[in-house]
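Residue numbers begin at 1 in each chain, while the letters A, B, ... track the order of the sequences.
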Amino acid sequence: MTTPPRETFRDALSVALTVGAYGVAFGAAGIAAGFSVLQTCLFSLLTFTGASQFAAVGVMAAGGGAVSAIAAATMLGTRNALYGLQMAPLVRVKGLRRVAAAHLTIDESTGVALAQTPRGTHAMRVGFWVTGSGVFLFWNLFTLLGALGAKALGNPASWGLDAAVPAAFLGLLWPRLTTTYLRVIAATSMVFALLVTPWLPAGVPIIASVLVAVLGGWRER
Amino acid sequence: MSSTTAWIVLASTSVLCFSVKLLGYYVPQGWLAHPRLQRVNALVPISLLSALVVAEGFVIKTHVVLDHRLAGLAVALAALFAKLPFPVVVVSAALTSALVYHLH
């Protein structure tokens with residue numbers, strides 16, 4: 001077994017710090033939605049998958065029901081199962097370590113691990129663990145800072161927090177729109193969600209947009 | 001939102017999101033490998049995040065509304081086109097929205 005190149009550590013830590021800093025936005029979004037500082041921090045500790053966390057608090061902020069919030073968050077989290085499927089044969093751990101590996105299985109840890117492929121299996125494994133635990137550390141730290149900051153600010157609209165949340169979603173969406181087809185899916189989902197808004201309870205249009213994904217992915221293209 | 005609702009959302013989201021993660025480590029390789037499931041699953045985040053952008057940006061309860069948040073989102077979009085980093089996108093959107101909110 002060779003020592004992983006320093007580049008692996010550098011990749012992992014720079015991703016961990018950058019992504020972790022987004023935690024400020026989540027901390028603020030949690031408070032703006034009406035969650036307490038403790039609840040907002042527990043989201044980052046226990047749910048620990050950014051887009052799902054934003055979805056749960058976002059649906060509640062939009063006046064949606066608990067079921068819509070939970071469903072939107074869970075559906076956004078399903079991609080982590082596919083990441084786990086790819087990471088399981090790589091990390092090859094059992095028991096508590098497997099539980100820890102599962103909890104750290106997110107976009108960033110999987111992404112950095114897969115990016116290390118040319119450097120070998122050991123580098124991939126190191127990339128996964130260092131990125132996963134690094135994001136975990138910084139994400140939770142910055143969530144606390146964001147939550148405390150938002151708590152001190154008061155009225156969310158007065159500080160633009162109500163626009164920061166959709167802007168955060170746009171920022172999460174943007175890098176995924178790599179092909180024309182994906183951009184069409186995004187635009188269709190937006191139009192669809194707005195069209196059904198007057199007819200469905202708050203929060204449900206978000207869940208209903210999955211229909212666009214199902215139709216869009218049904219046939220091979 | 002009542003405190004009880006907040007705790008229910010927090011607990012359920014955490015348990016379900018963790019279960020989904022764990023699922024990937026326990027199901028036999030190949031179970032989730034069905035091509036249709038893979039294709040749909042790749043699109044689910046796109047659809048949900050897109051719907052969340054408009055639901056958070058242009059909706060109050062069940063009404064489509066254009067307000068100060070539109071200005072914030074327009075600036076966020078411009079920042080993304082300019083390839084500015086995520087914190088800049090979010091903060092510039094917030095500042096613009098707050099400015100328009102106070103001008104009204």
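- Distance check: A:Q39 CD to B:W7 CH2 gives 4.5 Å after rounding to the nearest 0.5 Å.
- The stretch residues 13-21 of chain A places none of its residues near chain B, where near means some heavy atom under 4.5 Å from a heavy atom of that chain.
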task: With side chain to side chain contact (heavy atoms under 4.5 Å, CB included) as the test, would you mind laying out the steps for B:V9 and A:F43 before giving the verdict?
output: CA-CA 10 Å; B:V9 172; A:F43 262 113; 4.1 Å; yes
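- For B:H102, the part sitting under 4.5 Å from any heavy atom of chain A is the side chain, from C-beta outward, and nothing else.
- Both the backbone and the side chain of B:V53 come within contact range of chain A, each with at least one heavy atom under 4.5 Å from a heavy atom of that chain.
- Going from atom CG of A:D162 over to atom OG of B:S97 covers 4.5 Å, rounded to the nearest 0.5 Å.
- Contact of A:P175 with chain B is not made at all, since no heavy-atom distance falls under 4.5 Å.
- Remark: A:Q53 CD to B:C17 SG distance equals 8.0 Å, nearest 0.5 Å.
- For the options A:G171, A:G63, A:G77, heavy-atom pairs under 4.5 Å to chain B are most numerous at A:G171.
- Across all their heavy atoms, A:T78 and B:V20 have their closest contact at CA-CG1, 3.5 Å.
- In terms of heavy atoms, B:L22 sits closest to A:V99 at CD1-CA, 4.3 Å.
- In terms of modelled atom types and a separation under 3.5 Å, the side chain of B:K21 and the main chain of A:N80 share no donor-acceptor contact.
- A donor-acceptor pair under 3.5 Å is absent between the side-chain atoms of A:R79 and the main chain of B:N41, judged by distance alone.
- In this structure, A:L215 CG and B:L43 CG are separated by 10.5 Å, a value rounded to the nearest 0.5 Å.
- Counting heavy-atom pairs closer than 4.5 Å to chain B, the top-ranked of the candidates A:T49, A:T74, A:V165, A:L170 is A:L170.
- Chain B forms the most heavy-atom pairs under 4.5 Å with one residue out of A:A193, A:A187, A:A167, and that residue is A:A167.
- The main-chain N or O of A:S189 is never found under 3.5 Å from a side-chain atom of B:S47 such that the two would form a donor-acceptor pair.
- Contact annotation for A:Y181: only side-chain heavy atoms (C-beta onward) come within less than 4.5 Å of a heavy atom of chain B.
- With chain A as partner, the option from B:H68, B:H63, B:Q38 having the largest number of non-hydrogen pairs under 4.5 angstrom is B:H68.
- Interface remark: B:V27 contributes backbone and side-chain atoms alike to the contact with chain A (heavy atom separation under 4.5 Å).
- If you tally non-hydrogen atom pairs under 4.5 Å between each of B:I8, B:L23, B:L37, B:V44 and chain A, the highest count goes to B:V44.
- Looking at A:M75, the atoms closer than 4.5 Å to chain B (heavy atoms on both sides) sit in the backbone and in the side chain alike.
- Contact count against chain A (heavy-atom pairs under 4.5 Å) is highest for B:L80 among B:L73, B:L95, B:L70, B:L80.
- A pairwise comparison of heavy atoms in A:A72 and B:L48 identifies O-CD1, 3.9 Å as the closest pair.
- Only the side chain of B:Y101 comes within less than 4.5 Å of a heavy atom in chain A; its backbone stays farther off.
- Only the backbone of A:W159 comes within contact range of chain B, with at least one heavy atom under 4.5 Å from a heavy atom of that chain.
- A donor and an acceptor atom, one from each side chain of B:T62 and A:T197, are nowhere located under 3.5 Å apart.
- Smallest separation of non-hydrogen atoms from B:M1 and A:A33: CE-O, 3.4 Å.
- For A:R97, the CZ atom counts as loosely surrounded, since its 6.0 Å shell holds 12 or fewer non-hydrogen atoms of other residues, nucleotides or ligands.
- The backbone N or O of A:A163 sits nowhere less than 3.5 Å from a side-chain atom of B:R69 that would complete a donor-acceptor pair.
- Counting heavy-atom pairs under 4.5 Å between each of B:T5, B:L10, B:T13, B:V59 and chain A puts B:L10 at the top.
- Using a 4.5 Å cut-off between heavy atoms, B:L77 touches chain A through backbone and side chain atoms alike.
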Does A:L76 form a side chain to side chain contact (heavy atoms under 4.5 Å, CB included) with B:L52? I'd like the steps, not just the answer.
CA-CA 11 Å; A:L76 262 171; B:L52 281 161; 4.0 Å; yes
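- A:R98 contributes a side-chain N or O that, together with a main-chain N or O of B:Y25, makes up a donor-acceptor pair within less than 3.5 Å.
- Per-residue counts of heavy-atom pairs under 4.5 Å with chain B were compared for A:V93, A:I70, A:V91; the largest is that of A:I70.
- Distance check, rounded to the nearest 0.5 Å: CD1 of A:I206 to CG of B:L49 gives 10.5 Å.
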Can you give each donor-acceptor pair under 3.5 Å made by side-chain atoms of residues 82-89 of chain B, sequence neighbours left out, with the distance rounded to 0.1 Å?
none

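- No more than 12 heavy-atom neighbours from other residues, nucleotides or ligands sit within 6.0 angstrom of CG on A:L96.
- Scanning all heavy atoms of the two residues, the minimum distance from B:R39 to A:G217 falls at NE-O, 2.8 Å.
- Each of B:D67, B:V15, B:L16, B:V40 has some count of heavy-atom pairs under 4.5 Å with chain A, and the biggest count is that of B:V40.
- Of the atoms belonging to A:L195, not a single heavy atom falls under 4.5 Å from chain B.
- Heavy atoms of A:E220 lying under 4.5 Å from chain B belong to its backbone as well as its side chain.
- B:S3 touches chain A through backbone and side chain together, each having a heavy atom under 4.5 Å away.
- If you tally non-hydrogen atom pairs under 4.5 Å between each of A:A25, A:G203, A:A56, A:S158 and chain B, the highest count goes to A:S158.
- With chain B as the partner, the residue from A:V210, A:L82, A:T40, A:L45 showing the most heavy-atom pairs under 4.5 Å is A:L82.
- Remark: A:R92 CZ is loosely packed, at most 12 non-hydrogen atoms of other residues, nucleotides or ligands lying under 6.0 Å away.
- Across every non-hydrogen atom of B:A94 and A:A164, the tightest pair is CB-CB, 4.1 Å.
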